[in-house]
Amino acid sequence: MTLLLTVLGAVLCSFSVSAQVVPQADFNIQGMAGKWYLIGFATNAQWFVNRKADMKMGTAMLTPTADGNLDMSYASLSSDGSCWRMNNLAKQTNVPGKLTYTSDRWGSVNDMSMVDVKYDEYALTHTIKTKGSDPTVVTKLYGRGVELSADLLERFRQFSLGTGVLPENIAFLPKNAECPAA
């Protein structure tokens, strides 16, 4: 019973922290256009815990649409030489920097906030993924290049911890070759 109450308390605490995440006040969706490298990834999701050792850096091509949404195309080269690809259209909400999308691949509803962005250097995102009654927090750190400063990596680590992600579930992805254009 004590274990159940401890786990329930931790879950409720992480939800309250996640609910307080606010997007960057002066967010400009046009500034997100172009190629980004996925450098940091953090979540307590079981699939990640099982696969994080095999994950490598991938790229995201972000394209703002005429109606203010964001087309997101992600690609990562697998160790067998194949490319893993995923595309989503994130729709802008009435809060600048907060977008929502449904993943056709995973069947989850995703509420994503652009928490901290320096458009020519990095982007820190926070997403609450919900599938059924199972919400999961995911934080990501993107860079315009394959390397970011130690200070930015530590800021990402601290932010992820603040959202309830366990320290062992924060990963800085190793560099990887890129997928050829689709």
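Numbers for residues simply follow the sequence, beginning at 1. This structure is a prediction, so every number in the text was calculated from the model and none was measured.
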Kindly write out the residues that satisfy ring pair (Phe, Tyr, Trp, His ring centres under 6.0 Å) with Phe48, not counting sequence neighbours, or none if the list is empty.
Phe41

Could you work out, with ring pair (Phe, Tyr, Trp, His ring centres under 6.0 Å) as the rule, every residue matching Trp106, not counting sequence neighbours?
none

According to side chain to side chain donor-acceptor pair (under 3.5 Å), does anything in residues 21-36 pair up with another residue at least two apart or in another chain? List the pairs.
Gln24-Asp26, Lys35-Glu178

What's the separation between atom NZ in Lys91 and atom CE in Met112, rounded to the nearest 0.5 Å?
13.5 Å

pair Leu89-Met72: side-chain heavy atoms closer than 4.5 Å
no

Check whether any side-chain heavy atom of Met57 sits under 4.5 Å from a side-chain heavy atom of Pro174, and report yes or no.
no

What I'd like to find out is whether the side chain of Lys140 reaches to under 4.5 Å of the side chain of Leu38, using heavy atoms alone.
yes

Can you name the nearest heavy-atom pair linking Val165 to Thr43, along with the distance?
CG1-N, 3.7 Å

Enter the distance from Glu147:CD to Ser149:OG here, rounded to the nearest 0.5 Å.
10.5 Å

From Ile39 CD1 over to Leu141 CG, what is the distance, rounded to the nearest 0.5 angstrom?
5.5 Å

Contacts of type side chain to side chain contact (heavy atoms under 4.5 Å, CB included), residue Arg51, not counting sequence neighbours:
Trp47

Heavy-atom closest contact (Ser76 atom, Asn176 atom, distance):
OG-ND2, 4.1 Å

Does Thr125 reach the side chain of Ser113, with side-chain heavy atoms less than 4.5 Å apart?
no

Heavy-atom distance under 4.5 Å between the side chains of Leu99 and Thr93, does that happen here?
no

Which pairs, with at least one residue in residues 150-163 and sequence neighbours excluded, count as a salt bridge (charged side-chain N to carboxylate O under 4.0 Å, His left out)?
Asp116-Arg155, Asp151-Arg155, Glu154-Arg157

When you measure from the side chain of Arg105 to the backbone N and O of Arg85, does any donor-acceptor pair fall under 3.5 Å?
yes

Which heavy-atom pair separates Met32 from Leu62 by the least distance, and what is that distance?
O-CB, 3.4 Å

Just jot down the salt bridge (charged side-chain N to carboxylate O under 4.0 Å, His left out) partners of Lys56, sequence neighbours excluded, or say none.
none

Report yes if the side chains of Lys52 and Glu168 come closer than 4.5 Å at any heavy-atom pair, otherwise no.
yes

Under the side chain to side chain contact (heavy atoms under 4.5 Å, CB included) test, which residues partner Thr130, sequence neighbours left out?
Ile128, Pro135

In Å and rounded to the nearest 0.5 Å, what is the OG to NZ distance from Ser108 to Lys131?
7.0 Å

With Phe172 via ring pair (Phe, Tyr, Trp, His ring centres under 6.0 Å) - residues at least two apart
Phe156

Give a yes or no answer on whether the side chain of Asn44 reaches the backbone of Gly164 with a donor-acceptor pair at less than 3.5 Å.
yes

Going by side chain to side chain contact (heavy atoms under 4.5 Å, CB included), name the residues that satisfy it together with Asp80, two or more places apart in sequence or in a different chain.
Ser78, Ser82

Quick one: pull up OG1 in Thr63 and CG in Leu70 and give me the separation to the nearest 0.5 Å.
7.5 Å

Can you run down the ring pair (Phe, Tyr, Trp, His ring centres under 6.0 Å) pairs that involve residues 56-93, sequence neighbours left out, and say none if there aren't any?
Tyr74-Trp84

Ser79 and Asp54: side-chain contact (heavy atoms from CB on, under 4.5 Å), yes or no, with the steps?
CA-CA 9 Å; Ser79 56; Asp54 298 325; over 6 Å; no

Sorted by chain and number, sequence neighbours left out, side chain to side chain donor-acceptor pair (under 3.5 Å) with Thr139 holds for Ser160

Who pairs with Thr100 by side chain to side chain donor-acceptor pair (under 3.5 Å), at least two apart in sequence or on another chain?
Asp111

Minimum heavy-atom separation for Cys83 and Leu77, please, with both atom names.
SG-CD1, 3.8 Å

Looking only at side chains, do Asn110 and Thr127 share a donor and an acceptor under 3.5 Å apart?
no

Just so I know, are the side chains of Val95 and Pro23 near enough to count as touching, which here means a heavy-atom distance under 4.5 Å?
yes

Do Pro64 and Asn69 come within less than 4.5 Å of each other through their side chains, counting heavy atoms only?
no

